[in-house]
Amino acid sequence: MAKQVRVRFAPSPTGDLHVGNIRTALFDWAYARHTNGKFIFRIEDTDTTRVTDEYIAAAIDTLKWLGLDWDEGPEIGGEYGPYLQSQRLDIYADWAQKFIVQKDAYYCYCTAEELEERRDAQKAANVAPGYDGKCRNLSENQLASFKAEDRLGVVRMRMPEGETTFVDQIRGEISFDHKFVPDFVLVRGDGSPLYTLAVAVDDISMKVTHILRGEDLLSSTPRQIRVYQAMGVKEEDYPTFAHLPFVMGQDNAKLSKRNGEVSIAWYRDKGFLPEAICNYLALLGWSPGDDVENITMQQLAELFTVERVNSSPARFDMKKLEAINGDKIRALTLDDFLERSLPFLKSAQVIMGSDDEIALVKSALPIIQERITRLDEVPAMLKFLFTKNFAVEEDSLSKVTDTASKEVLKRSLAELTALGEWTHESIEATLRSSLIEELGLKPRIAFGSLRIAVTGSTISPPLFESMELLGKIVSLKRISSALAL
RNA sequence: GGCCCCGUCGUCUAGCGGCCUAGGACUCUGGCUUCUCAAGCCAGCUACGAGGGUUCGAAUCCCUUCGGGGCUACCA
């Protein structure tokens, strides 16, 4: 029987989770779900100077919002917890101690300045820069004298001669000559562990079977494998690696704060749907293989395989995300669309949230559903229905004050005042017969003026539906106000 | 500089030796529809980085080259 698949997403929250992180999380999640395995969420907060509690909380919130549910991790715990590295410090310390006893690691007392000096010299001499092994074989006396000087030593892993070869599930066989993998630091001078130690120890102790992570970690893999060896892990028990291609910004540079908006929180505020973000991100570096692109999370879980992941980096394209977001919005049920739109209407202060307002929003949503790309467009689209101090937009003013428009408004006002049943069908029938047929006006001219008078803008939801929603009294009032302009 | 990864339309991709005069999606352009804006439908532009091989046959295999990226921390 095959081992159960255990995949982990292990971000280091030094900021809001961004597009690249989430793409990785999504693939981790999809792989775990596809294989009926476990999705483990672990927080790598060993760099206490950069990781904050707020970022950790935000990361948890973002994953939840996206629907990437985890089987083990923060808030729910699990058999191999804790899942915050800051709570596992003694585990790393124990291993580091063991490595020293085994002579796999050693104390190094070189100062940052000394190291930098020697690295510069190496560069100048055109030699691969890296730790030169100065402290590899310190005698007891030397160790004692450094300690007497109160120098803080780091723990360094001893890289033996040779090379490390592993099979990456996406890139195939990769090997690194140890000449280019210098002795690396496991534990800081203050005793805190570094990523390289913590990640390897945790992946082993949490029984992770597959590591799908960003390509930037590719060259740290031999170091990670070296730690497995020191831990005494058998080669057949190493996790399988798969290094995902980067998600790049528009200018072909790695996505970053400077490179457009990348934080998932930003997309959420802009009215992107979580399922749209996931759908789009799934297509960055992976494809189902056929010509289908619009898929659900469930389908992603069913279809996702590492074999179909690309090895080349992908550029992030906002236009395509928006297109997919529009598709997903159009696919929403009315109730779902309503529920998701309300927060945007409230925060834009278009509505306060009364039952009457919500009822009106609900009846208006169908006519704007196919006209928006993002949820944050809803307030602007529906504002005309709720505004207390209605006014025609500056730019459109001149288009309702000309004589032709006055004619249209005057005639419309008379016809509509006499209209009994107030439905979009009856409004349209009345207006078409009086303005188009009798006055012989072009529809876009006649209805254009009315649109501005009633909605305040040249762009609006369909006119007759809008008037029906507004109601007869308000509609007529706006037309007569426009006549007075 | 060194090591490693990557290279199909503007972008995301399909393609794993003949089905490719290279398919789909987004974008863009034109058209249809139309009360604006959208949506929808139709059409069009546009790609195998370059050069060598291997082969009856290469986008697919090999080599070189060029280009892009990552790493080279007591970051992850």
Side-chain angles (χ1 to χ4, degrees), chain A residues 10-12 14 44 46-47 49-51 108 110-112 115-116 119 122-131 152-156 168 170-171 174-177 179-182 184-190 192-196 198-199 213-222 243 245-246 248 250 252-254 280 283-294 310-324 326-327 330 367-373 381 428 431-432 435-436 442-452 455 457-464 466:
Chain A
S12 181
T14 56
E44 312 229 323
T46 53
D47 185 356
T49 62
R50 296 167 67 212
V51 178
C108 165
C110 298
T111 64
L115 291 171
E116 198 171 336
R119 261 199 299 269
Q122 286 169 324
K123 275 185 190 166
N126 230 340
V127 182
Y131 189 65
L152 290 175
V154 302
V155 177
R156 250 179 222 285
D168 184 285
I170 294 170
R171 289 150 215 280
I174 297 171
S175 56
F176 289 88
D177 191 317
K179 275 188 293 215
F180 308 109
V181 186
F184 55 96
V185 178
L186 295 168
V187 181
R188 293 186 180 86
D190 66 4
S192 64
L194 255 63
Y195 167 78
T196 339
V199 72
R213 51 159 27 166
E215 176 186 347
D216 49 338
L217 269 353
L218 186 58
S219 44
S220 84
T221 305
H243 288 91
F246 282 122
M248 321 282 274
Q250 316 289 354
N252 211 13
K254 196 180 167 188
Y280 174 64
L283 266 18
L284 250 35
W286 175 83
S287 90
D290 49 25
D291 290 336
V292 177
E293 289 199 332
N294 192 323
N310 263 99
S311 51
S312 53
R315 231 96 40 207
F316 184 84
D317 182 9
M318 186 75 82
K319 281 283 201 311
K320 181 138 183 173
L321 204 213
E322 287 180 338
I324 290 176
D327 286 340
R330 268 165 251 133
I367 64 172
I368 66 163
Q369 189 161 16
E370 67 181 27
R371 334 190 105 72
I372 61 169
T373 293
M381 282 281 195
E428 177 166 11
L431 260 18
R432 278 198 189 277
L435 301 176
I436 313 304
K442 286 212 163 74
R444 59 179 305 140
I445 304 293
F447 299 145
S449 303
L450 263 175
R451 179 186 313 284
I452 295 169
T455 70
S457 169
T458 53
I459 299 173
S460 82
L463 180 61
F464 314 115
S466 297

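Below, read A as the first sequence line, B as the second, and so on, with proteins coming before strands; counting in each chain starts at 1.
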Interatomic distance where [atom1] belongs to [X] and [atom2] belongs to [N] [whole Å]:
X: A:N294; N: B:C12; atom1: CG; atom2: C1'; answer: 15 Å
X: A:L186; N: B:C75; atom1: CG; atom2: C1'; answer: 15 Å
X: A:M381; N: B:A38; atom1: CE; atom2: P; answer: 9 Å
X: A:F447; N: B:A38; atom1: CZ; atom2: C1'; answer: 18 Å
X: A:R315; N: B:G10; atom1: CZ; atom2: P; answer: 11 Å

Partners meeting side chain to side chain contact (heavy atoms under 4.5 Å, CB included) with A:R188 (sequence neighbours left out) | A:D47, A:D190, A:S192, A:L194

For A:R171, which residues count as a side chain to side chain contact (heavy atoms under 4.5 Å, CB included) partner, sequence neighbours excluded?
-> A:D168, A:I174, A:E215, A:L218, A:H243, A:P245, A:S311

Spell out protein contact along nucleotides 44-51 of chain B as letters: B when the base is contacted, S when just the sugar-phosphate is, - when no protein heavy atom is under 4.0 Å; keep the 5' to 3' order.
-> --------

Under 4.0 Å protein heavy-atom contact, by nucleotide of nucleotides 18-27 of chain B - B base, S sugar-phosphate only = -----BBBSS

Just checking A:G189: base, sugar-phosphate only, or nothing, at a heavy-atom cut-off of under 4.0 Å?
-> base

Using atom names, set out every protein N or O paired with an N or O of nucleotides 6-9 of chain B below 3.5 Å, distance rounded to 0.1 Å.
none

Nearest-neighbour nucleotide for the A:S287 side chain, B:A14, B:C12, B:C37 considered = B:A14

For nucleotides 1-3 of chain B, which of its nitrogen or oxygen atoms have a protein nitrogen or oxygen under 3.5 Å away, and what is each distance?
{"from": "B:G1", "atom 1": "O2'", "to": "A:N126", "atom 2": "OD1", "distance (Å)": "2.3"}

